[in-house]
Number of protein chains: 2
Amino acid sequence: MELRHLRYFTAVADQGSFSGAARRLHVAQSAISEQLANLEHEIGAALFERSARKTGLTPAGRAFLEEARRILASADHAIDVAQRVHRGEAGTIRIGFFTGSMGMDLPRLIRTFRRQYARVRLSLVEMTPKQQWTALLEGKIDVGFTRRLEPEFRSELRAITLHQDPIVAILPKNHPAAPGPVDLRDLADENFVLSSRDVSPAVFDKVIELCSEAGFSPRIASISSVWSSVALMVQAGEGISLLPLNEQQFRTRDLAFCPLKAKNAFVEFVMAWSPRRDNPLTRSFRQLALAHHRDVAVRG
Amino acid sequence: MELRHLRYFTAVADQGSFSGAARRLHVAQSAISEQLANLEHEIGAALFERSARKTGLTPAGRAFLEEARRILASADHAIDVAQRVHRGEAGTIRIGFFTGSMGMDLPRLIRTFRRQYARVRLSLVEMTPKQQWTALLEGKIDVGFTRRLEPEFRSELRAITLHQDPIVAILPKNHPAAPGPVDLRDLADENFVLSSRDVSPAVFDKVIELCSEAGFSPRIASISSVWSSVALMVQAGEGISLLPLNEQQFRTRDLAFCPLKAKNAFVEFVMAWSPRRDNPLTRSFRQLALAHHRDVAVRG
DNA sequence: AAAAACCGATAGGCTAAGCCTATGGAATTA
DNA sequence: TAATTCCATAGGCTTAGCCTATCGGTTTTT
C-alpha cells in the first residue's frame with residue numbers, strides 16, 4: 001500500500017465516482033480503476049459497491065475511509081513538523097544534567113523556556129559530567145550542563161562558564177576543624193572519600209590539585225559515584241570528603257559543610273554544546289539560559 | 001511522498017546506516033540513497049547527518065521519525081480495520097429511527113447490543129419512516145425502524161414486523177367521546193389534525209382507511225409533521241387527531257388518548273433492511289433486535 | 001604505512017509499475 | 001432507439017525505481 005492508493009481512494013469516496021476522481025486528480029479513469037483494484041486486492045475486501053451509474057462505499061470502505069483521511073492528514077503534518085523544526089520553530093531540545101545542576105536553578109530555567117517556546121519540547125537526561133561530553137559529540141543531547149571540559153574535547157565542543165561552584169569540606173559534625181573555614185593542611189592526615197574521576201574529572205583533579213598545593217596527596221579510603229553514599233561514608237566515620245557545594249542535594253544534620261581557606265577552591269559549572277551540530281533552536285535556548293543565569297547571579 | 005519513503009526512512013533510522021537498511025529491506029543501497037534524497041528534497045530539510053562511518057538523525061529527522069512511525073502504524077491499522085469490518089467483527093451500524101421508535105424500547109436494544117459487540121459503533125439517525133426507505137436503498141443507513149413498506153419498496157427491501165401499534169384518538173380532555181373506547185362514527189363531523197403523508201404513508205393511509213370504513217372521509221383542518229404541533233393544535237381546539245399510541249412521547253394533561261373500537265386500528269412497527277447490502281454485522285444486529293423484541297413482547 | 005573494509009553518492013542500464021488511449025458491457029437518459 | 005455515462009479491461013509507452021558498478025572518503029586492520 002502506498003499513499004497514492006489512499007489519495008485515489010479518498011478522492012473517489014469524496015466524488016462518489018471513479019471518473020470524477022480521475023478528473024479531479026488529472027489522471028485517466030483507468031488509472032483509478034487499476035490502483036483501487038490493487039488496493040482492494042491487498043486488503044482482501046471490496047471498498048466500493050460498483051453499480052453502473054452510482055458508486056458507494058461498502059461498510060469496510062467507510063471504516064477504511066476514516067483511517068485513510070487520518071493518514072493523509074498525518075502525512076501532511078509530518079512534513080510540516082519537519083520543516084518547522086528545520087526552521088527552528090519547533091522541536092525537542094535534549095538537555096544533559098547531573099545532580100549538581102539542580103542546585104543551579106535549572107528547574108526555573110526550564111519553566112521559563114517552556115513558557116516562551118510552547119511548541120518546543122524539552123527532554124532532560126541525567127548523565128555524569130563526563131558522559132555529557134561524549135553525548136554532545138554523538139548528538140545524543142543538544143546542550144549539557146556539566147563541568148569544565150577536558151582538553152581533548154576543547155576542539156570539538158564549546159562551553160561557557162555559568163558559575164564558579166565552591167568546593168567545601170564535608171566533615172562529621174564533631175570534627176575539630178568544623179565549622180571552618182578550613183585550612184586543607186589540617187586535613188592532611190585524614191582518609192578521603194572522593195567521587196569517581198569517571199563521573200567528573202574536573203572535580204577529582206581539582207581536589208588532587210588543592211591537596212597538592214597544601215603539600216600532601218590525599219589518602220583515598222574509598223571512591224564513590226553518588227552523593228548519598230559519600231554522605232553515608234563520612235557519617236560512618238570512613239573518612240572526610242571534598243565536594244562542590246551545589247552537588248549536595250540536601251543538608252544532613254550529622255555533617256558539617258565547611259568552606260576552604262584556599263582562594264582557588266572552585267570548580268566551574270558550564271553549559272556546553274557542539275558547534276558542529278548547532279541549530280537555531282538550541283542557539284536560542286542557550287541565549288535564554290545565559291540571560292537567565294545572569295539574572296540569577298545578579299539576584300544572588 | 002509515499003509510504004515507501006517512510007519505510008526506508010525508518011529503516012535507516014533504526015539501523016543507523018543506509019547500507020544496513022538496504023540489507024534489511026532487500027534492496028540495493030543506492031535505492032535507499034536515491035529515495036531518501038528525494039524525500040529530503042521534498043521536505044526541504046536534511047533528515048540525516050551523513051558522516052562517513054556514522055549516520056544519525058538531524059533534529060528535523062528526529063521529529064519526522066516520530067510522525068513516520070505513527071503513519072506506518074496507522075497504515076497497518078487501517079488495513080486491519082477494513083478487514084475486521086469485512087469479516088463482521090467491527091464497524092459501524094447506522095440505524096434509522098423516528099419518534100415512535102423510542103416508545104418501542106429502542107434505547108434498551110442499543111444498550112444490549114453495545115454490551116455484546118463492544119467493537120461495533122452504532123450511529124443513530126433520526127428520519128421519518130418514509131425517508132428511511134430511500135436511505136436504505138441508497139445505503140445511507142443499514143437498518144431502519146420504520147413503518148410498513150409502501151408496495152414500490154417491497155421488491156428491494158425486506159421488513160419484519162416487530163409490533164402492532166394501536167391507533168388512538170387524541171381528543172381534548174372534555175370531549176364527549178373521551179375516554180373511549182371510541183366509535184369512529186362519532187367523530188365523523190370533527191375536524192382532523194393529521195400528520196403528513198410524507199412522514200408516514202402507512203399511518204396516513206390507515207387513518208383514511210379507518211374513517212372510510214366508518215362511513216366518512218375526514219375533514220382535514222391541518223397537517224403537521226411533528227407530534228408537538230399536533231398536540232398543540234388539538235389543545236387549541238383546532239380539531240382532533242388519530243395517531244399511533246407509541247408516537248406520543250409524553251402524555252399531556254389536557255389531552256385524552258382514547259382507544260378505538262375498530263379491531264383493525266393498528267399500524268405496523270417494522271425493522272427494514274436492504275438484502276442487497278446485507279452483511280454479517282447487520283445480520284447479527286437484526287438477530288439480536290428480533291430476540292430482544294420477543295423478550296419485550298413476552299414481558300409486556 | 002599500506003591495505004582492506006565500509007560508508008554513502010553517483011552513473012548508466014534494465015524492468016516493471018503506473019499511466020495513457022481505446023474499447024466494451026451495462027444501465028440510464030433523451 | 002440512440003446517446004450518454006458509468007467502470008473494467010486490453011495494449012502500448014514512459015518513467016520511476018531498482019540493479020550493478022564505481023568513486024571518494026574514512027576507519028580499521030595488517
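Numbered from 1 within each chain, the chains take letters A, B, ... in sequence-line order.
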**OP:** Taking the side chain as every heavy atom from C-beta outward, state whether A:K206 and A:R148 have any pair of such atoms under 4.5 Å apart.
**Re:** no
Original post:
Rounded to whole angstrom units, what separation is found between the CZ atom of B:F9 and the P atom of C:dG8?
Top reply: 14 Å
Original post:
Whole-Å distance between C:dG8 P and B:E40 CD?
Top reply: 12 Å
Original post:
At under 4.0 Å between heavy atoms, what does A:Y8 touch on the DNA or RNA strands: base, sugar-phosphate, or nothing?
Top reply: sugar-phosphate
**OP:** Report yes if a side-chain nitrogen or oxygen of A:R4 is closer than 4.0 Å to either non-bridging phosphate oxygen (OP1 or OP2) of C:dG18; otherwise report no.
**Re:** yes
Original post:
Quick one: the side chain of B:S30 and the base of D:dT20, do they pair up donor-acceptor inside 3.5 Å?
Top reply: yes
Subject >> Spacing between B:E49 atom CD and C:dG8 atom P, to the nearest angstrom >> reply: 14 Å
Original post:
Separation of B:L36 atom CG from D:dC18 atom P, in whole Å?
Top reply: 11 Å
Subject >> A:F48 CZ - D:dC7 P separation (whole Å) >> reply: 10 Å
Original post:
Whole-Å distance between D:dA16 C1' and B:L3 CG?
Top reply: 17 Å
**OP:** Measure across B:R277 and B:L136 and return the closest heavy-atom pair with its distance rounded to 0.1 Å.
**Re:** NE-O, 3.6 Å
**OP:** Indicate the ring-plane relationship of B:W133 and B:F153, choosing parallel, tilted or perpendicular according to the 30° and 60° boundaries.
**Re:** tilted
Original post:
Side chain of A:Q29, base of D:dA8: donor and acceptor closer than 3.5 Å?
Top reply: yes
Original post:
How would you label the contact of A:E34 with the nucleic acid (heavy atoms, under 4.0 Å): base, sugar-phosphate, or nothing?
Top reply: base
Original post:
Looking only at heavy atoms, what is the nearest atom pair of B:R147 and B:D165, with distance?
Top reply: NH2-OD2, 3.4 Å
**OP:** Could you check how far CD1 of B:I32 sits from C1' of C:dT10, rounded to whole Å?
**Re:** 16 Å
**OP:** Pick base, sugar-phosphate or nothing for A:S33, based on heavy-atom distances below 4.0 Å to the nucleic acid.
**Re:** base
**OP:** Using a cut-off of strictly less than 4.0 Å, decide whether B:S17 has a side-chain nitrogen or oxygen near OP1 or OP2 of C:dG8.
**Re:** yes
Original post:
OP1, OP2 of C:dG8 versus side-chain N and O of B:T55: anything below 4.0 Å?
Top reply: yes
Subject >> Whichever of B:F18 and A:A31 has its nearest DNA chain C nucleotide further upstream toward 5' >> reply: B:F18
Subject >> Length of the CG-P vector between B:L47 and C:dA9, whole Å >> reply: 12 Å
Subject >> Minimum heavy-atom distance B:L122-B:R114, with the two atoms named >> reply: O-NH2, 3.7 Å
**OP:** With heavy atoms under 4.0 Å as the rule, sort A:H5 into base, sugar-phosphate or nothing.
**Re:** nothing
